[in-house]
Chemist: 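The structure under discussion is supplied below as structure tokens; questions concerning it will follow.
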Amino acid sequence: MEEPFQIEIEKVRSVTHETNSQLQMKMLINSFKGTFIGYSFKNPFLFSGIQTILAPFHSDSTSNHHLPSSVFDKITKLDDALQLFDQMTQRKPLPSAVKFTQLLQAVTKMQHYSCAIDLFKQMEAIRAPANVYTTTIVIKCCCQMSCTREGFAIVAYGFRRGIVPNVITFSTLLNGLILEDRILEAERLFKKLIKMKLCEPNVVMYSTMIKGLCKVGINDTAIALLRLMDERGCKPNVITHNTIIDSLCKDEMVDDALKLFNEMVLHKGILPTVVTYNSLIRGLCSSGRWDDASKMLTGMEDERISLDVITYNILVDALCKEGMAEDAKAVMNIMVETGMDPNLVTYNSLIDGFCLRGDMRKAKEIFDLMKIRGHVPDVVTYSSLLNGYCKKSEIDEALHMFQEVTEKGVTPDVITYNTILQGLFRVGRCKDARELFNEMQAHNHILPTAFTYRIVLEGLCNNHQLDEALSLFRLMGENKLELDIVVYNIMIDGASKCGKFDVAKAVFSELSSRGLHPNVRTCNVMIRCFFREGLVREAKELFQKMAGIDCVPNQVTYNVLLQGLLKNGQHGMIKMLLEEMEGQGFSVDASSLSMLIDDISTGSLDDSLLKLSGKLVPKEGKEAPCMESI
DNA sequence: CTAGGGTTAG
């Protein structure tokens, strides 16, 4: 893929810095005709009913005397804000644009975006004063609601009142496009603003554009823009660096992140913040570099930067993911001792950590603790617990939790349903699962995802309800639902498990007519099918064909082959196979190993294979994927 | 006097 943006950066380098405000205004208007087609003056979505308002807005300061800034700071409830707004609109003369702006800002801070937009509309209706600060807040509200389009409409509308957008307004819009993943349009806007000198980008605007580039994973271009802004005399600050450092960490390029970190601190003398450290610590932990993460914590101490809730949550989560939920709990206790309140995220991570370990008693303990400490569990909390109970087949506990979800007024989402469906099928309660599957759609209006269908199909097959599975499978096809290779793999495997080899073969041969290509899993499944039927020759043939059809055999393939050969009494080939696995660096999974040992102890296999088998047992901690994960 | 950008979870 070519990178047009990089080439454009070169062009941008040659643009001069001066701006001419009169020219700027003209070009701005021209630019709106060209750039923002669809945000036209005639048809702005939000303001379709509003007539031209060009009356000058005189603000009389006497009207502001009863509205000191502190009044707006004190607003904590939406109702208070609305009440104050009503009072303000009834004053004669009306309070200044500043006062209205302060009110809108208070409403926005409470995240009542649509309400702020509504208040602005009311302001327009009574011709209340507004300026670029006011419109910028309202534009931000539009952007936060993923309606950047309407944000542009407000810019266009503002023109009619002589409100000229500035670099802050444009940064807000740029951020809106990025929030909506419209990176190409964001790039276009950014370049246009520079080329047409509509505004001189400042550090916030550059940082916003850099965030956008990072978001789509083009970190090199983001770094190029970092260098460019520096060249153009706009000094990147700690936020600019944090944005890139965080992105590099998330893309598993922690060393590059550390390089940039050093450059920032040592070269540019920019002090890191707790956010910088949080990104790096998270990156280091998730790549298993605990020592380096610990060094970062020491670094924080040296810099006298104290850990915040997010730092602790990162540590708690990382420990949980490593299976060290007990240590994670210790970290939470340290939080409490140092006077920091663990939040919902802390408890959720910890509960999930214990659930992953299958320690439901501890998970429940934390669950109770969070409730005692006044935290309200959310859908994430319940999903972890449900998942934990389901994995242990403690379905009654799971159902009890599920009941609590609805009782507590928490809306179960599709993941919640997927989890409980999987649990019900696991214990063979197909009827309940089917009822729930219907209920989620009819009652809660939650559409099943591809994942849901996979769970249901697999569940039905595992419970020997192949006909039910097949009819759902056909129904999916008729309804143009995505029938991907994964679904086919499930059906082939399921049919074979139900003893219907002919059905499995038929579904397999359907693949090509659907334009689907078998993948490694398909081959693994088919090899297993052949072995189940005692078709050793066919199994071996498919194995040999795999690499040629772009399906390179993996560890699972070898384990399937191993078990298939053992079950079919083909002991002669085992030694060679094990040696090949050793050469490829593959491990034997638990069930393969136990079969090997059984056959060695009964004398079907030679003693010498015991040593070789032992070498193929995975090291402590990481288990080889077992057969179920085909 | 009033507006914009960066970090955590199934």
Side-chain angles (χ1 to χ4, degrees), chain A residues 59 61 64 67-70 72 95-106 108-109 129-141 143-144 151 163 165-176 178-179 199 201-212 214-215 236-247 249-250 272-283 285-286 308-318 320-321 342-353 355-356 378-388 413-416 418-419:
Chain A
S59 81
S61 58
N64 296 329
L67 292 166
S69 295
S70 58
F72 298 99
S96 68
V98 174
K99 297 300 164 193
F100 278 108
T101 305
Q102 284 175 319
L103 184 110
L104 286 187
Q105 175 70 340
T108 305
K109 282 268 155 68
N131 58 24
V132 66
Y133 290 73
T134 329
T135 52
T136 302
I137 290 178
V138 181
I139 290 166
K140 185 199 155 112
C141 290
C143 292
Q144 292 295 120
I163 297 172
N166 58 24
V167 63
I168 301 181
T169 320
F170 286 123
S171 294
T172 310
L173 287 164
L174 190 70
N175 192 44
I178 290 164
L179 284 176
C199 69
N202 61 13
V203 62
V204 175
M205 184 172 266
Y206 276 114
S207 302
T208 307
M209 191 64 246
I210 284 173
K211 180 184 74 171
C214 288
K215 197 175 175 190
N237 61 18
V238 65
I239 295 187
T240 323
H241 287 91
N242 284 350
T243 307
I244 304 178
I245 288 172
D246 187 62
S247 175
C249 286
K250 282 189 176 138
T273 65
V274 63
V275 178
T276 323
Y277 280 107
N278 285 347
S279 289
L280 287 167
I281 290 170
R282 202 179 79 92
C285 287
S286 61
D308 65 5
V309 181
I310 295 182
T311 324
Y312 281 108
N313 285 350
I314 289 167
L315 295 172
V316 167
D317 191 56
C320 286
K321 293 244 155 68
N343 62 16
L344 183 61
V345 177
T346 325
Y347 292 108
N348 281 351
S349 291
L350 209 46
I351 289 170
D352 199 54
C355 287
L356 283 176
D378 69 353
V379 65
V380 177
T381 325
Y382 286 109
S383 286
S384 290
L385 286 163
L386 278 174
N387 191 36
D413 60 13
V414 69
I415 299 179
T416 322
N418 287 350
T419 309

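Naming: A, B, ... by sequence-line order, numbering from 1 per chain.
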Chemist: Does OP1 or OP2 of B:dA3 have a side-chain N or O of A:Gln105 closer than 4.0 Å?
Modeler: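 It does, given that an N or O in the side chain of A:Gln105 lies less than 4.0 Å from OP1 or OP2 of B:dA3.
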Chemist: Could you tell me the separation between the CD1 atom of A:Ile415 and the P atom of B:dA9, rounded to a whole number of Å?
Modeler: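 Going from CD1 in A:Ile415 over to P in B:dA9 covers 13 Å.
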Chemist: What does A:Thr273 touch in the nucleic acid at a heavy-atom separation under 4.0 angstrom: a base, only the sugar-phosphate, or nothing?
Modeler: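 Base, at least one base atom sits under 4.0 Å.
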Chemist: Rounded to whole Å, how long is the line connecting atom CG of A:Asp413 with atom C1' of B:dG10?
Modeler: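 Rounded to the whole Å, the gap is 8 Å.
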Chemist: Does B:dA9 have its OP1 or OP2 closer than 4.0 Å to a side-chain nitrogen or oxygen of A:Lys321?
Modeler: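 Looking at the OP1 and OP2 atoms of B:dA9, neither is under 4.0 Å from any side-chain N or O of A:Lys321.
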Chemist: Can A:Asn343 and A:Thr346 be counted as having a side-chain donor-acceptor contact under 3.5 angstrom?
Modeler: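 Distance-only check passes for A:Asn343 and A:Thr346.
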Chemist: Measure the distance from CG on A:Asn166 to C1' on B:dA3 and round it to the nearest whole Å.
Modeler: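 After rounding, the reported distance stands at 8 Å.
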Chemist: Report the residues that fulfil side-chain contact (heavy atoms from CB on, under 4.5 Å) with A:Lys321, sequence neighbours left out, ordered by chain and then residue number.
Modeler: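 Checked A:Lys321 against side-chain contact (heavy atoms from CB on, under 4.5 Å); matches are A:Asp317.
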Chemist: Looking at A:Thr172 and A:Ile168, would you say the former's side chain and the latter's main chain have a donor-acceptor pair under 3.5 Å?
Modeler: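 Judged by distance alone, yes, a pair lies under 3.5 Å.
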Chemist: So what does A:Asn348 hit on the nucleic acid, given a heavy-atom distance under 4.0 Å: a base, only sugar-phosphate, or nothing?
Modeler: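 Counting heavy atoms under 4.0 Å across all strands, the contact made by A:Asn348 includes a base.
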Chemist: Any base atoms under 4.0 Å from A:Asn387, or only sugar-phosphate, or nothing? Heavy atoms, all strands.
Modeler: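 The residue A:Asn387 makes no contact with any strand.
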Chemist: Starting at NZ of A:Lys211 and ending at C1' of B:dT7, how long is that distance when rounded to a whole Å?
Modeler: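 For the pair A:Lys211 NZ and B:dT7 C1', the rounded distance is 12 Å.
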Chemist: Using the side-chain heavy atoms of A:Lys99, tell me which of these nucleotides is nearest: B:dT8, B:dG5, B:dC1.
Modeler: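 Taking heavy atoms from C-beta onward, the closest nucleotide is B:dC1.
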Chemist: Measure from the side-chain heavy atoms of A:Val275 and tell me the nearest of B:dG5, B:dT7, B:dA9.
Modeler: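 The closest nucleotide is B:dT7.
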Chemist: If you go through the side-chain atoms of A:Thr208, does one of them form a donor-acceptor pair with the base of B:dG5 closer than 3.5 Å?
Modeler: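 Between B:dG5 and A:Thr208, which were checked side chain against base, a qualifying N/O pair under 3.5 Å is absent.
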Chemist: Side chain of A:Ser383 only, please: which of B:dT2, B:dG10, B:dG5 is the nearest?
Modeler: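 The listed nucleotide nearest to A:Ser383's side chain is B:dG10.
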Chemist: How about A:Phe72 and A:Gln105: do any of their side-chain heavy atoms sit closer than 4.5 Å?
Modeler: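 Sidechains of A:Gln105 and A:Phe72: no contact.
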Chemist: Counting side-chain heavy atoms from CB outward, which of B:dT2, B:dA9, B:dA3 is closest to A:Thr101?
Modeler: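 Taking heavy atoms from C-beta onward, the closest nucleotide is B:dT2.
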Chemist: Nearest to the side chain of A:Lys140 - B:dG5, B:dA3, B:dG10?
Modeler: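 Of the options given, the side chain of A:Lys140 lies nearest B:dG5.
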Chemist: Of all residues at least two apart in sequence or in a different chain, which pass the ring-ring contact (aromatic ring centres under 6.0 Å, His included) check with A:Tyr347?
Modeler: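 With neighbours one apart ignored, the set is A:His375.
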Chemist: Would you indicate what A:Ile310 reaches in the nucleic acid, counting non-hydrogen atoms under 4.0 angstrom: base, sugar-phosphate, or nothing?
Modeler: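 If one applies the 4.0 Å heavy-atom cut-off, A:Ile310 turns out to touch a base.
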Chemist: Please give, in whole Å, the distance from B:dG5 P to A:Ile139 CD1?
Modeler: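 Roughly 13 Å, once rounded to whole Å.
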Chemist: May I ask you to verify whether the side chain of A:Asn313 and the base of B:dA9 hold a donor-acceptor pair under 3.5 Å?
Modeler: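 Checked by distance alone, the answer is no.
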Chemist: Have a look at A:Val379 and say if it touches a base, only the backbone sugar-phosphate, or nothing, with a 4.0 Å heavy-atom cut-off.
Modeler: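 Base: the residue A:Val379, judged by heavy atoms under 4.0 Å, touches a nucleobase.
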Chemist: For the side chain of A:Thr172, starting at C-beta, report the closest nucleotide among B:dG5, B:dA9, B:dG4.
Modeler: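 Among the listed nucleotides, the one closest to the side chain of A:Thr172 is B:dG4.
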Chemist: Classify the side-chain pair A:Thr311/A:Asp308 by whether it contains a donor and acceptor separated by less than 3.5 Å.
Modeler: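 Yes, side-chain donor-acceptor contact under 3.5 Å.
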Chemist: Return the nearest nucleotide to the side chain of A:Val380; candidates are B:dT8, B:dA3, B:dA9.
Modeler: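 Shortest atom-to-atom distance from the side chain points to B:dA9.
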Chemist: Contact class for A:Thr240 vs. all strands (heavy atom < 4.0 Å): base, sugar-phosphate, or nothing?
Modeler: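 Since a base atom lies under 4.0 Å of A:Thr240, the category is base.
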Chemist: Scan A:Asn343 against the nucleic acid and name what it touches under 4.0 Å (heavy atoms): base, sugar-phosphate only, or nothing.
Modeler: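 Since no nucleic acid heavy atom lies under 4.0 Å of A:Asn343, the category is nothing.
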Chemist: Taking the side chain of A:Val203 as its heavy atoms from C-beta onward, which of B:dG4, B:dT7, B:dG5 lies nearest to it?
Modeler: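 Nearest to the side-chain atoms of A:Val203, counting from C-beta on, is B:dG5.
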Chemist: Just compare B:dG4, B:dG5, B:dT7 and give me whichever is closest to any side-chain atom of A:Ser207.
Modeler: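 Among the listed nucleotides, the one closest to the side chain of A:Ser207 is B:dG5.
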Chemist: Could you tell me how far apart A:Ile244 (CD1) and B:dT7 (P) are, to the nearest whole angstrom?
Modeler: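 Going from A:Ile244 (CD1) to B:dT7 (P), I get 13 Å.
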Chemist: Determine whether any donor atom in the side chain of A:Ser279 lies under 3.5 Å from an acceptor atom in the base of B:dT7, or the reverse, and answer yes or no.
Modeler: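 Result: no qualifying N/O pair found.
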Chemist: What is the distance from NE2 of A:His241 to P of B:dG5, rounded to the nearest Å?
Modeler: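 Rounded to the whole Å, the gap is 20 Å.
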Chemist: Walk me through it: do A:Lys211 and A:Asn175 pass the test side chain to side chain donor-acceptor pair (under 3.5 Å)?
Modeler: CA-CA 9 Å; A:Lys211 180 184 74 171; A:Asn175 192 44; 2.5 Å; yes
Chemist: Just N and O in the side chain of A:Lys250: are any of them under 4.0 Å from OP1 or OP2 of B:dT8?
Modeler: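 Yes.
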Chemist: Over how many whole Å does the gap from A:Asn237 atom CG to B:dG5 atom C1' extend?
Modeler: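 Interatomic distance, CG of A:Asn237 to C1' of B:dG5: 8 Å.
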Chemist: If you check the A:Ser384 side chain, which of B:dA9, B:dG10, B:dA3 turns out closest?
Modeler: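 Among the listed nucleotides, the one closest to the side chain of A:Ser384 is B:dG10.
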